[in-house]
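These notes concern the structure reproduced below.
Not measured: the values here are computed from a predicted model. Every chain is numbered from 1 and lettered A, B, ... according to where its sequence line falls, protein lines coming before strand lines.
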Protein chains: 2
Amino acid sequence: MLPEPFNHLPDIALHRVSAELRRTLFRQGEVTKGLYVVLSGRVHLERVGPNGERFVIHRAMAGSSFAEASVFSERYHCDAVVMEAGEVVRIDKAAVLAAFANAGFARAYGRQASRQIQAQRQLLEIVGIRSAEDRVLAGLVAGLLDGTVVEFAALLHLSHEATYRALRALVEAGHVVNPSRGDYRLSTAT
Amino acid sequence: MLPEPFNHLPDIALHRVSAELRRTLFRQGEVTKGLYVVLSGRVHLERVGPNGERFVIHRAMAGSSFAEASVFSERYHCDAVVMEAGEVVRIDKAAVLAAFANAGFARAYGRQASRQIQAQRQLLEIVGIRSAEDRVLAGLVAGLLDGTVVEFAALLHLSHEATYRALRALVEAGHVVNPSRGDYRLSTAT
DNA sequence: CATTTGATATGATCTTGATCATATGTTGCC
DNA sequence: GGCAACATATGATCAAGATCATATCAAATG
C-alpha cells in the first residue's frame, strides 16, 4: 500500500518500475513523467556540477516519495539512481494534477507536505547548532531519538562517538537519564 | 500582496496582527487559529524543553509563512515570538481547509510545498557535508550564492571566514572564478 | 565630505568534534 | 553453543573549522 496521500490515487496512475542496483530511473533534463514512491530499497537523487562532480541532493528511503516537484515542472532537475535494489512505483504527473480537484486528496497532500516542511525546518535548525551537547539535547527535545543512537547521530550529522559523549555529559549534568544501556531520555526533574 | 498560494484566498480570511518586538503570537498548547505570513520583520518559532530550555525551531523571514501545519492540527506545538517588528498576517485555518476544494488553490499549494520540500532536502544534504570546501562547492552548484557571501555562509552553517577561505581555495583549484571582489561563480572550463 | 556601517578578505590561535582504536553487550542464526 | 553482525561505550590523537583580530573597500547617512 502507498503512503498518504498517494493511496487516494487510482491504480491506473501507478507503474511499478524495476529498481535494480545502480539503475538510473531518470536523468537531469529529461521530460518529467511524474513522481516516485520507494516501497523498499534506497534511491539517491544526484545533481551533476558543471565539471561532472556529483552531489547527492536527497536520499529517498522505504516509505518515502521523491521528485514530487516534477509534477509541476517540465524537466527533471537531477538524476535518480538506485543505491539499494527494491520496489519503486512511479505515479503519473497528470493523475496527481487531476487529483488536486479532489478536496480529500488535496487536503491529505497539504497535511503531509506541511508536516514534512515543519520537520525539515526543525531538523535544519538543529543541525545548525554547533555544540554537540546542545545539538543532542535539542534532538532529544525534538523526539528524534526513537531508534538507535547510531541512527540518531546520523540524523544530527554528528559522529556516533560524539553523540555518545554528549549523551554521557548530559547525563552527568542531570539533563538526561540513562536508566539502562542504550536507553536515554530527558530527565523531567530539575 | 501575499505570496503564493495564499493570494488565492478571500480577504475575509486574513487578519493583520500586531507584531511588535518580543510579542508572542501564539504559545505551545494553545488551540490553533491558523497559519501566518510574514510581510516584514522576523518571527522565531521556539520549542520549550522540559527544563525550560528554548530551542529555535524555525526562523520565518519576510515573504515566508509559518505554522502551516497548524491548519491540520488542534494545538500549536511551539511558541511564535517576534524577533524584529514588522507586518504579520494570520490566515484562518477554516478558510485554508475550505480552499483545498478549489483545484487552483490546491495545485498552487502543492507546487509551493513540493518546491520547498525539495529545496530543504537539498540544503539538508549540503549542510551535512563535513568539508568546508566541498560544502561551499555544493552550495555554489545549488545556486545558493545569490546575495552576499555572509548570507551564503549562514545558509551553509559555516563561519563566513571559513567560507571565504573555501572560496579562495576553490579559485586556486580552478573550480571557481573570482572576476571581481565579492563575485564568485563556477568556472565552466575544466 | 566625513563618518558609519557592513561586506570582503586574511592571519593567528585554540577548541571541538572527526577519526582511529579497542572492548563489551546484545541479538539472531546455523 | 559458537559465531557474526551490530550497537554501545570510551580513550587517544589530530585536523579542521570556530573564534578573535585586523585591514580594506563600498555604500549609505547626515
Side-chain angles (χ1 to χ4, degrees), chain A residues 42 56 61-62 83-84 123-140 143-187, chain B residues 40-42 56 59 61-62 83-84 123-140 144-187:
Chain A
R42 278 184 305 122
V56 176
M61 315 205 320
M83 297 307 286
E84 187 186 312
L123 193 50
L124 262 168
E125 286 292 336
I126 291 175
V127 300
I129 298 173
R130 312 267 198 220
S131 147
E133 203 172 318
D134 292 351
R135 192 137 116 216
V136 166
L137 182 54
L140 287 172
L144 264 31
L145 176 47
D146 52 349
T148 69
V149 174
V150 170
E151 288 162 358
F152 180 57
L155 210 54
L156 297 181
H157 293 313
L158 267 184
S159 69
H160 60 96
E161 295 96 327
T163 306
Y164 282 117
R165 277 186 258 270
L167 284 167
R168 175 70 40 233
L170 288 168
V171 168
E172 258 140 42
H175 292 105
V176 171
V177 290
N178 184 21
S180 72
R181 183 184 169 88
D183 185 7
Y184 296 91
R185 51 194 68 185
L186 291 167
S187 72
Chain B
S40 62
R42 278 185 306 122
V56 176
R59 295 153 211 264
M61 316 205 318
M83 297 307 285
E84 188 186 312
L123 193 51
L124 261 168
E125 285 293 336
I126 292 175
V127 300
I129 299 172
R130 311 267 200 221
S131 146
E133 203 171 318
D134 293 350
R135 193 139 115 216
V136 166
L137 182 54
L140 287 172
L144 264 29
L145 176 48
D146 53 349
T148 69
V149 174
V150 170
E151 288 162 357
F152 180 56
L155 211 54
L156 298 181
H157 293 313
L158 268 184
S159 69
H160 59 95
E161 294 97 327
T163 307
Y164 281 118
R165 277 186 258 268
L167 284 168
R168 174 70 38 235
L170 288 168
V171 168
E172 258 141 42
H175 292 105
V176 171
V177 289
N178 184 22
S180 72
R181 184 184 167 88
D183 185 7
Y184 296 91
R185 50 194 67 186
L186 290 167
S187 71

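Of the side-chain N and O atoms in B/Tyr164, one or more sit less than 4.0 angstrom from OP1 or OP2 of C/dT8. OP1 or OP2 of C/dA18 lies within a sub-4.0 Å distance of a side-chain N or O belonging to B/Arg130.
Nucleic acid contact for A/Phe152: none, since no nucleic acid atom lies under 4.0 Å from a heavy atom of the residue.
Residue A/Ile129 is tested with A/Leu156, A/Leu137, A/Asp134, A/Val136 for a side chain to side chain contact (heavy atoms under 4.5 Å, CB included); the sole match is A/Asp134.
Listed candidates were D/dT19, D/dG11, C/dA7. Nearest to the side chain of B/Thr148 is C/dA7. Distance from the side chain of B/Glu161 is smallest to D/dC20 among D/dC20, C/dA7, D/dT8. Closest contact between the side chain of B/Leu158 and the listed nucleotides D/dA18, C/dA18, D/dT10 involves D/dA18. Closest contact between the side chain of A/Arg165 and the listed nucleotides D/dG11, C/dG11, D/dA18 involves D/dG11.
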Any N/O pairs under 3.5 Å between the protein and nucleotides 23-25 of chain D? List them or say none.
residue, atom, partner, partner atom, Å
D/dT24, O2, B/Arg181, NH2, 3.2

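For the atom pair OH (B/Tyr164) and CG (B/Leu158), the distance works out to 13.0 Å, reported to the nearest 0.5 Å. Atom CG in B/Leu140 sits 6.0 Å away from atom CG in B/Leu167 (nearest 0.5 Å).
Rounding to whole angstrom units, CD of residue B/Glu133 and P of D/dG17 are separated by 9 Å. The CG-P distance, from B/Leu170 to C/dT10, rounds to 13 Å in whole Å. As a whole-Å value, the separation of A/Tyr184 OH from D/dA7 P is 14 Å. In this structure, A/Leu167 atom CG and C/dG17 atom P are separated by 13 Å, rounded to whole Å. Between B/Arg168 atom CZ and C/dA7 atom P the separation is 18 Å, expressed in whole Å. Rounded to an integer number of Å, the gap from NE2 of A/His157 to P of C/dA18 is 11 Å. A straight line from NE2 of A/His160 to C1' of C/dC20 spans 11 Å, rounded to a whole angstrom. Taking atom CG of residue B/Asn178 and atom P of nucleotide C/dA7, one finds them 18 Å apart after rounding to whole Å.
If A/Asp183 and B/Ala132 are placed on DNA chain D by their nearest nucleotide, the residue sitting closer to the 5' end is A/Asp183.
Residues A/Arg135 and A/His157 come closest through the heavy atom pair NH2-O, 2.8 Å. The two residues B/Glu133 and B/Ala166 come nearest to each other via the heavy atoms CA-CB, 3.9 Å. Among all heavy-atom pairs drawn from B/Ser187 and B/Val177, the shortest one is CB-CG1, 3.7 Å. Heavy-atom minimum distance, B/Thr163 versus B/Ala153: OG1-CB, 3.1 Å.
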